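For clarity, every value in this text was computed on a predicted model and none was experimentally measured. Quick note on labels: first sequence line is chain A, next is B, and so on, each numbered from 1.
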Protein chains: 2
Amino acid sequence: MSHTHVRGTGQENWLLAMLPDDAYARVLALCETIPMATKTIVIEPDVLIEYAHFPITGCLSVVALMKDRGRVEVGTVGWEGMSGLSFLHGVETTRTQCITQVAGTMRRITRQDMMTELGSHGELVGLLNLYADVWISQIGQGVACNGVHSIDKRLARWLLITHDRVIGDVLPLTHEFLAVMLAVRRASVTVAATALQNRRIIDYTHGKITVLDREQLEKATCECYEMQRASYEKLLPVTPD
Amino acid sequence: MSHTHVRGTGQENWLLAMLPDDAYARVLALCETIPMATKTIVIEPDVLIEYAHFPITGCLSVVALMKDRGRVEVGTVGWEGMSGLSFLHGVETTRTQCITQVAGTMRRITRQDMMTELGSHGELVGLLNLYADVWISQIGQGVACNGVHSIDKRLARWLLITHDRVIGDVLPLTHEFLAVMLAVRRASVTVAATALQNRRIIDYTHGKITVLDREQLEKATCECYEMQRASYEKLLPVTPD
DNA sequence: GCAAATCAGTACGGTAGCGTACAAAATCGC
DNA sequence: GCGATTTTGTACGCTACCGTACTGATTTGC
């Protein structure tokens, strides 16, 4: 494991794992644990949010839908976070879509159970507050990065972020999908990815990108990855392993 | 007033104005009301936040500082909002800078008074929760917009956002400053601004941009302005005037 | 095992925006 | 009012990325 690598255990979502025992038991009893297939839409824009999702493996993507049918990723949610953060703020719809990016196992809780839990006990509220702060930092850095950095660097950042959120070194992602996430042409992704492959930093076959040399990948990206990672570590100290 | 135009009264910050009388009196007693000069830095990255600021007139800008000394605006705070939103989440530092963009009058409250207020009473917490949700929507749309829209459109959006936050139609902004905010060259701003001026949509002399035809300006921008405005209006219903 | 579908490689002209530079115009300090 | 400073106008070659399109490679479905 690289020194800067933050990885989930694949056993439990971080927010849930950090709950004290009694709160954990209480919240877990409200959750359903389900497999989530790629491209499942878990939140539609401006539609009452049905569930909050806590990924254990796999990850979700928060996506802004543009009028011209364009789509741009705003942020990524993995084992460290939750979809439906609006619930924390007492809001039950959002203007962005949330879609499964990498299939995995997730716990989900209904809107009503979530609102009841948040209204009656403070443990989860405290953790979600920390997560909200991190989320704001993340997407703030995303605004800046999308404004000024090249596709090469943004691709590397995106691979690192996803690598942090899956188990293993294989990311089930097509160039087409990456293009949507980075808001660039599919062809641009192919060019950037080919460059990384030629440098033996990644390898890929159809729909599967393998991270070969994470250290070099970190060197190939912009500062934004490090910023984003640091904002997690400030607030979400990783349990020793 | 244009049909889509949301403007402050210049008398009070919206978050404070929406407080019930007793809470308003209590919070106001904790605030200091001060003039704020352009370019005053109110929050430094990773430094303990001293105050939360509630603009009454003028506005603040949240800016990401890049390692190469580049700067990119993440979002804008005016009469509808507050700097130091982290306090809501129990966090006392942030990774972005907050700087005065347009001089004005603001109320400020110390970290300790703010934390005490948030911990002991719920009225302000409720409003800040709504504002946090709006803020997240705003910067999410900013991620998308910076990713895909042209400088022309982004400039128009930025002028509209600022116009919504100042009293009158004169925005005291130089091209140089706008360039930082949009993360583009100063020369690019001049070209885009000149085009708007030729169309009689704006006028400017050194450091002062005047909005002449707001309706056309709205037509010249991308959907992102409308999205951002809508997210305010959903949560912050404007008092009738 | 073969057809259909998906995914990846590559190319080419077009253009938005960059870095840089320099000069003109407006404003400020005194 | 005059020099110094700030702000704006404009130009030029350059690069990254776009839109589009076509081909080839791999996987999937049956």
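- In this structure, A/K153 atom NZ and D/dC17 atom C1' are separated by 16 Å, rounded to whole Å.
- A/L171 has its CG atom 16 Å from the P atom of C/dC7, to the nearest Å.
- Taking atom CG of residue A/L182 and atom C1' of nucleotide D/dC18, one finds them 15 Å apart after rounding to whole Å.
- The side chain of B/T174 sits closest to D/dT7 out of D/dT7, D/dG9, C/dG17.
- If you check D/dT26, C/dC18, C/dG9 against the side chain of A/Q197, the one that comes closest is C/dG9.
- Salt-bridge check for A/D133 with B/R95: failed, with every basic side-chain N at 4.0 Å or more from each acidic carboxylate O.
- A 4.5 Å side-chain heavy-atom check between B/E44 and B/Q97 finds at least one atom pair inside the cut-off.
- Summarising the geometry, the separation between NE2 on A/H175 and P on C/dA8 is reported as 5 Å, rounded to the nearest angstrom.
- If you take NE2 of A/H149 and P of D/dC17, they are 12 Å apart, rounded to a whole angstrom.
- The phosphate of C/dC7 has neither OP1 nor OP2 within less than 4.0 Å of any side-chain N or O from A/T205.
- A/Q197 places a side-chain heavy atom less than 4.5 Å from the side chain of A/D203.
- One can place CG of B/N198 at 12 Å from C1' of D/dG9, the figure rounded to the nearest angstrom.
- With distances taken from any side-chain atom of A/A187 to the nucleotides D/dG9, C/dC7, C/dT10, the minimum falls on C/dT10.
- Here the nucleotide nearest the side chain of B/H206, chosen from C/dC18, C/dA26, C/dT6, is C/dA26.
- For A/L178 and C/dG9, the CG to P distance is 12 Å, given to the nearest whole Å.
- OP1 or OP2 of D/dG9 lies within a sub-4.0 Å distance of a side-chain N or O belonging to B/Y204.
- In terms of heavy atoms, B/L173 sits closest to B/I209 at O-CG1, 3.8 Å.
- Taking only distance into account, the side chain of A/R186 meets the base of C/dG9 through a donor-acceptor pair shorter than 3.5 Å.
- Between the CG atom of B/D203 and the C1' atom of D/dT8 there is a distance of 13 Å, rounded to whole Å.
- Candidate nucleotides D/dA11, D/dG19, C/dT6 were compared by shortest atom distance to the side chain of B/R185, and D/dA11 ranks first.
- Counting non-hydrogen atoms under 4.0 angstrom, A/V189 reaches nothing in the nucleic acid.
- Of the N and O atoms on the side chains of A/Q101 and A/R165, not one donor lies less than 3.5 Å from an acceptor on the other residue.
- At D/dG9, one or more side-chain N or O atoms of B/T194 fall inside 4.0 Å of OP1 or OP2 (strictly under the cut-off).
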